[in-house]
Structure formats: structure tokens, C-alpha cells
Student: 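Could you have a look at this structure, given as C-alpha cells, before my questions?
Side chains included, hydrogens not; waters and symmetry mates left out as well; all remaining heavy atoms used. Just so it is clear, the model here is predicted, and its values are computed rather than measured.
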2 protein chains.
Amino acid sequence: MEARIFFWEMMTQPGIPTLVHVAKLAGVSENTVSRVIRNKGAIAEVTRERVLAAIQTLGYVPNRAAGSLASSGSMLIGVLLPSLSNVVFPELLEGIHAALRQTSYQAMVGVTDYDEAQEEQILSSLLAWRPVAVITAGFDHTAKTRMMLDTSSLRVAEVMDIDGEPIDIAVGLSHRKAGYDTGRFLIERGYRRIGYVGHDWSADRRARHRYEGLRQALTDAGLGLVDEARAEGRSSATAGGEMLSALLRRQPSIDAVAFSNDDMATGGFFHCLSAGIAVRERLALFGFNGLEIGQALPLPLSTVRSNRFLIGKKAVETLLEHRMRPTERLVVDTGYEIVEGATA
Amino acid sequence: MEARIFFWEMMTQPGIPTLVHVAKLAGVSENTVSRVIRNKGAIAEVTRERVLAAIQTLGYVPNRAAGSLASSGSMLIGVLLPSLSNVVFPELLEGIHAALRQTSYQAMVGVTDYDEAQEEQILSSLLAWRPVAVITAGFDHTAKTRMMLDTSSLRVAEVMDIDGEPIDIAVGLSHRKAGYDTGRFLIERGYRRIGYVGHDWSADRRARHRYEGLRQALTDAGLGLVDEARAEGRSSATAGGEMLSALLRRQPSIDAVAFSNDDMATGGFFHCLSAGIAVRERLALFGFNGLEIGQALPLPLSTVRSNRFLIGKKAVETLLEHRMRPTERLVVDTGYEIVEGATA
DNA sequence: GAGAGATATGTTAGCGCTGAGATAGAAGAT
DNA sequence: ATCTTCTATCTCAGCGCTAACATATCTCTC
């Protein structure tokens, strides 16, 4: 069967135009059109313009599936996120998209819902599109997931967290160190009876690392955590308020509380407002993330700013630097910044 | 050149396994493997198991680009969002992903950054993957974007907003009506000197619709807006506080303020705290969206809950009901809910 | 003015999969 | 035993593109 379609047929064709149509209309070969599109090889200016005009009139959009198949290069980056409800992930994704904007790469996002079994399945369906790289939040993978990422030759960036051994590259910050610095900060400010309010970290290993860092700092200073309260579900302002209230009931003498993140701390702040507790004078509050909401509070929240946008951007940039996975594993520390605030 | 690869070659092949490899190993034809994978056509149980085992041992992942090309069905849904920094969009995306989870479809997201020129470009790169449907936030498109969506036969869902003429289907709520109901709510509660605090709505036509609805309600009640203050950039708690402060300086007699959304209202609440203004007794506050943060405030925010998650989910479900675009345009009203709260 | 080297374009064979149709064997009907 | 009808499988031609190579034309050299 002849695949070519003549001009008069093309005009009555209901289907989507292809290279053949453009080539026919411009009076050149398919390959020439392809080269114009990809800016590859020498093309006479007249030809280029003729082809561009044909593309324009037909409203031709190249079929990336065909391109990917033919060139075994997909221009896709797979992104594996545990959730989108926690603001940090959308922010990360914004950074990824921002970096991608300059390139002709596309992100393909999968949301695992903190479920490792789903992660496997979703990774499979991402890999089905043969991305050139995968960005995944954190180091928590099932053995099979790790195997898939490890054996495939694609570039892998594990982001947010650098307290672990990366498969290929890691971009983020040391949560353990951030937790440690939180402890140091509170100690230096003279707080001695320090408590902790957190959320369920079974799905959030970074929060646990911060907690561990915090404890280490206290231990190193000859102190200890007075008490702690951990909410069951995910972090939220509501949970932060409730947990703080519970903690203070048990330990009224606590003079500072480190929260697992800003959401929780914000809830803690609201609790203090309702309960008439003077923030900082009577009770210091410290968060993590540096969210806008914390800085908008009547007293700006003392916290650690982790730059999620930068992490996403940096991850993409670093991944795209080299197409091949280098033998050396790379760790990019995007750092963090202590925000003094007014609550601690 | 012969494309087949013999077993011993397959084992030394560094590349990704393909159907051919699986077929060889299972001792069947490629097509049989394909049918097993897609659960299509009659397959003897023994054969199926043999093929599945081969897939397992090779770690075979089907190449969707090839599949898409061969079957002209991509199992992809393009999603066009203006931004990810405003929580409502990640929430929408969560709904989309949740609905997609049950299916074998994948979302492919593009972020336009509220820029119509970029929208065109990003839509092009999404269409390059030949999605079966596109979900886009709102009705604001350039002529070219609209043309691309209109002429292509793919399904299109315009979401969040139903105050407009959809290309194919619209899923969301009437922001004009929500604004109107906000006005009614405040009037019924006895407020008479009502002000408005908003953000730059040049990129947020929904906020403008709510504003218009609000004004309509006031007009219908023989009232008017006492004054309004609009921040320049995007909405934020900080901006909400500043604008409320500015508004009250000009109009100290205002007894209720409708905010463009909960972020702004939260900032307004904080301003009242700092300025010692008794919320509700002296000044009522009303938001929009029903975000968690608003409900966690010491006084739960009075607001309108728009269910973004549901909108995303519903959009996907409705789109996937029929592969072909029906002649009738469809509007799905997901509604909203007035949250009485304690601030108005 | 023959050969070397650019420059611009054409030709052809796949990439990995699917859909339509062909085929072979078993089971049932006559 | 012959003809149907299934069921299970195979064969093969593309899908729309790109890479590699081939070809044609046009400069430059010496």
C-alpha cells in the first residue's frame, strides 16, 4: 500500500497532518522537513522558510512518539512524587518546570501517595515512555524500584534529601544537619526546656532526620528533649495546635518547642493565641520550611528555609549536564537558611 | 538487515528488552506477547503464564511510544495549569491523578505561568505526544490556543470555572454565583458597610467574577461596596494584611470585608490580631476556597469551599466516559459550600 | 579544468509496537 | 468423511519519524 498522500487528498484528509503532508506542500523531502524542525544540518534559507510556511498553514505538530521511537531519545523527564498536598512538592515541581522551560524537555509526573507498592507501578508506567532521566523525592524505594532505577542506564536524581547514598545524583539539604542547627539555635538563645511536636514520619523520613539532628544537638549540649507529641496523620496546622496543647498539658514548664514543619508550627502559634500564651517570652516556637504563611504571622515564625524551587531547578540542570550517568555519584547540597523570625 | 536477535545475543545485549526478546524467550510470536500484555484476544492459559514469566525474567517494560504510534492511542491526558504556587492547582492535580490511578492513563502537565504566549507553546509540546484529552484551567486562551483545541478532535475539559462557553466540557463552579452568595451571606448577617480586598486579577478571571457577583448582590440589596483595595501581585497572606490595613485607613467605618481568597483573608485576620481589631464584633472577614489554614485559625474563617480535588476527579471521569467529543457541550457544576466559620 | 571539499537535499531502512487478516488445529454438525 | 465453526496463534504491513548514507550542485584550489 502506498503511504504517500497527494495534495488534493491532503486537503480533504480529516486526520492530523504529518511530515509527509508538510513535505508535499513545501515540495521537499520528509527528511528536509525533519531537519528544519530539529535545526540540524545545513538548510538553505529559502527552503527553511518554505517549510516553515507549510508547517504554519497545516498547523503541523510533530509527533513526539514517532520521534522518540526513531531516535530513541524521548525528551522526557519522569518525576516521582509522594503527594501534592504538601506544599513542598508543588514548589519542587515548579522549580523543575522552570528549569525545563528553557529546554525542549517535558516533565511527566507520577504521584505515589506515599505508597511504595504504587511507586513501583507508577515508575513502570513512567519508564514505558522511556524518559532520559527520573527525579524522585527521597531515598525510600522498594528493592524492585531501586533495581529498576539502578540497572536502567537513565539518569536518576534523588531530591530533597542528601542524608543517604544516591543511585546517581542527590540534590537537596541535610535534614539531619538542619535539625541539629535548630537545636543549636534554641540552645544559643538560652532555651533549656525544649519539647518537640511532630507528625507521623513513617512516610516522611526527612522529618525523622531533623528530629534526630535536634536530639543530637541537645545531647551534645548536655541537654535532652523534655517531651514530645506526635500527631498520627500527616502534618497540618490543626494537628500542630492539638499536639502543642497536649504537650503543654503534660509539661507546662517547657520553654521552647521545635515543630516538624511550618504547618505544624503555625497551628502551634494559633494555639498560643487562643490559650493566651505569650509567644517567645513564655514559649518559643520553631518550624521548618520557611513557608510564606509562617512569615505572614503577626510574629514571623523562626524557622529553617529550605529552597524547594531551587532544588527542583538544580536537579534538572545537573541531570541535563551529561546524558550518560557518570561513574562518580554526585551530591549537590542546596543548603538552607536559618530564619530568625520573632517566635524564638 | 535482520532485526531479530537470537537468544544468546539477547543475553549479552546491553539494551532495553523489547517484545522480540520476550517473544523469543517465551517461544511465541511478538503479537501473542502483545495480546497477553493488553489482555486482548483469546490466549491459552499456559501460553499466558509462559509469556508473563518471560516478561518477569527480562524485566520487560512495554515501550508506550511505539504502542502509541502503532495504535494511535496514547493513554495520555494533557493538563495545562497556570501555576503551581497557588494551592488550588496542586489540589486540582491531585484529583486528576486520583482519578487516573484507576485507569492506565497518564497525566502530562504543563505550567504556563499565567502567560498566554507560553500557553500556546506548551500546548504544542503537549499535543506533540498526542494525548486523548486535555484539561485546562479556565477559559482564558489565545485565539490560536482555542483554535488548536477546537479543531483537534480531542476531548477538552475546561475546569474550575463554568462562567463561560466551553469548547467541549466545563467542570467547576460558578464564581459569579459564589461571589453573589458571599454578598448575600454578609447582608443577611446584618453587615451593611462592606469592603473588598483583592489581588491582581488580570491573571485570575475567576477572582474577578467573584467580585462582580459580590457587587451584584450588594446592588440587588440596594447597597454598594464602600471601598476596595487591590494588591498588585499574586495573592498572599502578606498582601492581604497590607491591603486590609490600607483599606481601613481610608474607611474606618467598614464592618465587613470580603477577600479575594483565603490566603488574603488569613493575612487580613493576622492584621486584625496585630492591630487589636475584634474580628466579627468589630470587623467581619470572609474568604474563598476553604483552605485548611483558614479553618485552623483561632477563629475558623468564614468562606466558600470550592472542591478542587473533586473538580479534577470529575473532569477526568467525564472525559473518559466517551472517547469522541459529543456534539452537545457539557457543563458539570461541582458546586460549593458556604462555610459559616466564626469570622463573619 | 580535474580533483577536493563544502553545502544542500534525497533515499532508505528501521525504531517497537499493533491491527487486520491468514492459518492451523480441534470440535461439532451433517 | 466432509463441511463448519471455533479457538489459538502467526504473518506482515504499517504508525510517523530519524540516522546514516547517497547524491547533486556549487565553490575553491593549483
Student: Tell me: CE of A:M75 to P of D:dG16, nearest whole Å?
Tutor: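 One finds 21 Å between P of D:dG16 and CE of A:M75, rounded.
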Student: Answer with base, sugar-phosphate or nothing: what part of the nucleic acid does B:A44 contact at a heavy-atom distance below 4.0 Å?
Tutor: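 Answer is sugar-phosphate: B:A44 comes under 4.0 Å of backbone atoms only.
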Student: Please classify the nucleic acid contact of B:R38 as base, sugar-phosphate, or nothing, using heavy-atom distances under 4.0 Å.
Tutor: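 If one applies the 4.0 Å heavy-atom cut-off, B:R38 turns out to touch the sugar-phosphate alone, with no base involved.
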Student: Side chains of B:E94 and A:S85: any donor to acceptor distance under 3.5 Å?
Tutor: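 Side chains of A:S85 and B:E94: pair found under 3.5 Å.
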Student: Using atom types as modelled and distance alone, determine if a side-chain donor or acceptor of A:R35 lies under 3.5 Å from a backbone N or O of A:I43.
Tutor: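 The answer is no, because no donor-acceptor pair under 3.5 Å joins these two groups.
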Student: I want to check one thing: is the phosphate of D:dT9, taken as OP1 and OP2, less than 4.0 Å away from some side-chain N or O of B:T47?
Tutor: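 Looking at the OP1 and OP2 atoms of D:dT9, one of them is under 4.0 Å from a side-chain N or O of B:T47.
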Student: At under 4.0 Å between heavy atoms, what does A:S68 touch on the DNA or RNA strands: base, sugar-phosphate, or nothing?
Tutor: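 Nothing: the residue A:S68, judged by heavy atoms under 4.0 Å, touches no strand.
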Student: Just how far, in rounded Å, is P of D:dC17 from CG of A:L69?
Tutor: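 The answer, rounded to whole Å, is 12 Å.
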Student: Checking contacts here: which listed nucleotide (D:dC10, C:dT9, C:dT18) is nearest the side-chain heavy atoms of B:S34?
Tutor: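 For the B:S34 side chain, the nearest candidate turns out to be C:dT18.
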Student: Tell me the interatomic distance from B:K40, atom NZ, to D:dT9, atom C1', rounded to whole angstroms.
Tutor: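 About 16 Å, once rounded to whole Å.
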Student: With distance as the sole test, does A:R64 use its side chain to make a donor-acceptor pair with the main-chain N or O of B:W129 at under 3.5 Å?
Tutor: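 Pair absent, no side-chain N/O of A:R64 close to backbone of B:W129.
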Student: Calculate the interatomic distance between A:R130 atom CZ and C:dG16 atom C1'; express it in whole Å.
Tutor: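 So the CZ-C1' distance, A:R130 to C:dG16, works out to 9 Å.
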Student: Mark yes or no for a side-chain to base donor-acceptor pair under 3.5 Å between A:N31 and C:dT9, with no hydrogen or angle criteria applied.
Tutor: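 It does not, because no donor-acceptor pair links the side chain of A:N31 to the base of C:dT9 below 3.5 Å.
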Student: Using whole Å, what does the distance between atom P of nucleotide C:dG16 and atom CG of A:L127 come to?
Tutor: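 Answer to the nearest Å: 16 Å.
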Student: Without decimals, in angstroms, what is the distance between A:N63 CG and C:dG16 C1'?
Tutor: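 Rounded to the whole Å, the gap is 14 Å.
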Student: In whole Å, I'd like the distance from the CZ atom of B:R35 to the P atom of C:dG16.
Tutor: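 Interatomic distance, CZ of B:R35 to P of C:dG16: 21 Å.
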Student: Report the distance from atom CZ of B:R48 to atom P of D:dA8, rounded to the nearest whole Å.
Tutor: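 Nearest whole value for this atom pair: 10 Å.
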Student: For A:R323, is the CZ atom crowded, meaning more than 12 foreign heavy atoms sit under 6.0 Å from it?
Tutor: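 No - once you tally the heavy atoms of other residues, nucleotides and ligands closer than 6.0 Å, there are 12 at most.
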Student: Judged by each residue's nearest nucleotide on DNA chain D, which is more toward the 5′ side, A:I37 or B:S71?
Tutor: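 By nearest-heavy-atom nucleotide position, the 5'-most residue is B:S71.
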Student: To the side chain of B:V28, which of D:dC10, D:dC17, C:dA8 is closest?
Tutor: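 Nearest to the side-chain atoms of B:V28, counting from C-beta on, is D:dC10.
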Student: What is the nucleic acid contact for B:S72, judged by heavy atoms within less than 4.0 Å: base, sugar-phosphate only, or nothing?
Tutor: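 It contacts nothing in the nucleic acid.
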Student: Could you work out which one of C:dG16, D:dC10, D:dT18 sits closest to the side chain of B:T32?
Tutor: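 The listed nucleotide nearest to B:T32's side chain is D:dC10.
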Student: Give the nucleotide from the list D:dT18, C:dG10, C:dC17 with an atom nearest to the side chain of A:S29.
Tutor: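 Between D:dT18, C:dG10, C:dC17, the one nearest the side chain of A:S29 would be C:dG10.
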Student: Near A:E328 CD, under 6.0 Å, is it more than 12 heavy atoms from other residues, nucleotides or ligands?
Tutor: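 No - once you tally the heavy atoms of other residues, nucleotides and ligands closer than 6.0 Å, there are 12 at most.
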